[in-house]
Amino acid sequence: MRSKEASKLLEQVREQKPLIHNITNVVVTNFTANGILSMGAAPVMANAVQEAADMASAADALVLNIGTLNDAQIEAMMLAGKAANEKGIPIVLDPVGAGATAYRTETARKLLEQLDITLLRGNAAEVSEIAGLESDIRGVDASGGEKNMEAIASHAAKTLNIAVAVTGAKDAVADNKCLYSINNGHSMLTRITGTGCLASAVIAAFLTVTEKTASGAAAALGYYGIAAERAEGFASMQGPGTFQIELLNALYHVGEMDFKQQLNIEKEILDRGGSTHE
């Protein structure tokens, strides 16, 4: 992927300031909202059944995050999702903890079955569980060592017939035609709760300015990874608390020159069997 293409998408987000409706979990709500604001989009965190559909109808993208799930939230997600589908705006599903309990796994699958989900974003264990692969999860966190992100993303995209993003030490995005390997990021992202949830919201913001779901998600994760690298540069030797603050600062500051100097995304054409590096 060319850095100019990715930076252009971020520029469009900052110009258009899309409204991102988040039905998310109580742990990450504040951090997610501040991250969306930092990148230049606009957040709204509304999960009441009474207003979920109306808010989705007013938004430019919808994020469904099952991190602290309950029956009322599931009802709100369904109402918001159907309103989003009617409007034709992208929906990103974040299946936090899928595989940890039957309730979470069944809810994620129900949302995928009943809504037109644009992209599924999760860690290796969550996506593996939903796609029918062997998974290893404790609580809402993946465990069990290194995973082949590209293989999981490709299998899940083919099985579910939607774009899939798998994030972790390395990120991968796939649809039925292309596979993107995102080599930007930093391990400090794993020391702060909610960084995966914020990644889902960042992807949703990028999908409001492009119809190319897989490449748009890859660009979003490249941007997010560059911000993490920049944040660690400023927070080095200080710890996760400083890194969290610097990540918000970096989401605000990352621009065209950063993409040009740091973006590292590889693209493989799945239906041709070859690969190109951009």
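Since we're looking at a predicted model, the values are computed, not measured. In this chain, residues are counted from 1 in sequence order.
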Check: residues 206-217 side-chain donor-acceptor pairs under 3.5 Å, at least two apart:
from   : atom 1 : to     : atom 2 : distance (Å)
Thr208 : OG1    : Ala205 : O      : 2.6
Thr210 : OG1    : Lys212 : N      : 3.0
Ser215 : OG     : Lys212 : O      : 3.3

Name every donor-acceptor pair, under 3.5 Å, that has one atom in a side chain of residues 218-230 and the other anywhere in the protein, sequence neighbours excluded.
from   : atom 1 : to     : atom 2 : distance (Å)
Tyr223 : OH     : Leu251 : O      : 2.5
Tyr224 : OH     : Thr195 : O      : 2.8
Glu229 : OE1    : Gln262 : NE2    : 2.8
Glu229 : OE2    : Asn184 : ND2    : 3.2
Glu229 : OE2    : Gly185 : N      : 2.9
Arg230 : NH1    : Asp258 : OD2    : 3.4

In residues 81-93, what donor-acceptor pairs under 3.5 Å come from side-chain atoms, sequence neighbours left out?
from  : atom 1 : to     : atom 2 : distance (Å)
Asn85 : OD1    : Asp116 : N      : 2.9
Asn85 : ND2    : Asp116 : O      : 3.2
Lys87 : NZ     : Ser57  : O      : 2.9
Lys87 : NZ     : Ala59  : O      : 2.6

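Separation of atoms CE (Met78) and CD (Glu75) is listed at 10.5 Å; rounding is to 0.5 Å. Atom CE of Met45 and atom OG1 of Thr24 lie 6.0 Å apart (nearest 0.5 Å). To the nearest 0.5 Å, atom NZ of residue Lys267 and atom SG of residue Cys178 are 4.5 Å apart. Here NZ of Lys4 is found 9.0 Å from NZ of Lys8. Values are rounded to the nearest 0.5 Å. Rounding to the nearest 0.5 Å gives a distance of 7.5 Å between OG of Ser38 and CG of Asn249.
Between Pro240 and Met188 the shortest side-chain heavy-atom distance falls below 4.5 Å. With a 4.5 Å cut-off on side-chain heavy atoms, Thr32 and Asn30 do not count as touching. Residues Asn183 and Lys170 meet the side-chain proximity criterion, which asks for heavy atoms closer than 4.5 Å. Thr107 has its side chain within reach of Leu69: a pair of non-hydrogen atoms, C-beta onward, lies under 4.5 Å apart. Between Asn22 and Asn65 there is no side-chain heavy-atom pair separated by less than 4.5 Å.
Asp175 and Tyr180 share no donor-acceptor pair across their side chains, judged by distance under 3.5 Å alone. At a cut-off of 3.5 Å, with distance as the only test, a side-chain donor of Glu126 or Asn123 sits close to an acceptor on the other residue. Judged by distance alone, the side chains of Thr68 and Asn25 never bring a donor and an acceptor atom under 3.5 Å apart.
Residue Glu256 places its CD atom among 12 or fewer non-hydrogen atoms of other residues, nucleotides or ligands, all under 6.0 Å distant. No more than 12 heavy atoms of other residues, nucleotides or ligands lie within 6.0 Å of OH in Tyr252, so this atom counts as exposed by the packing criterion.
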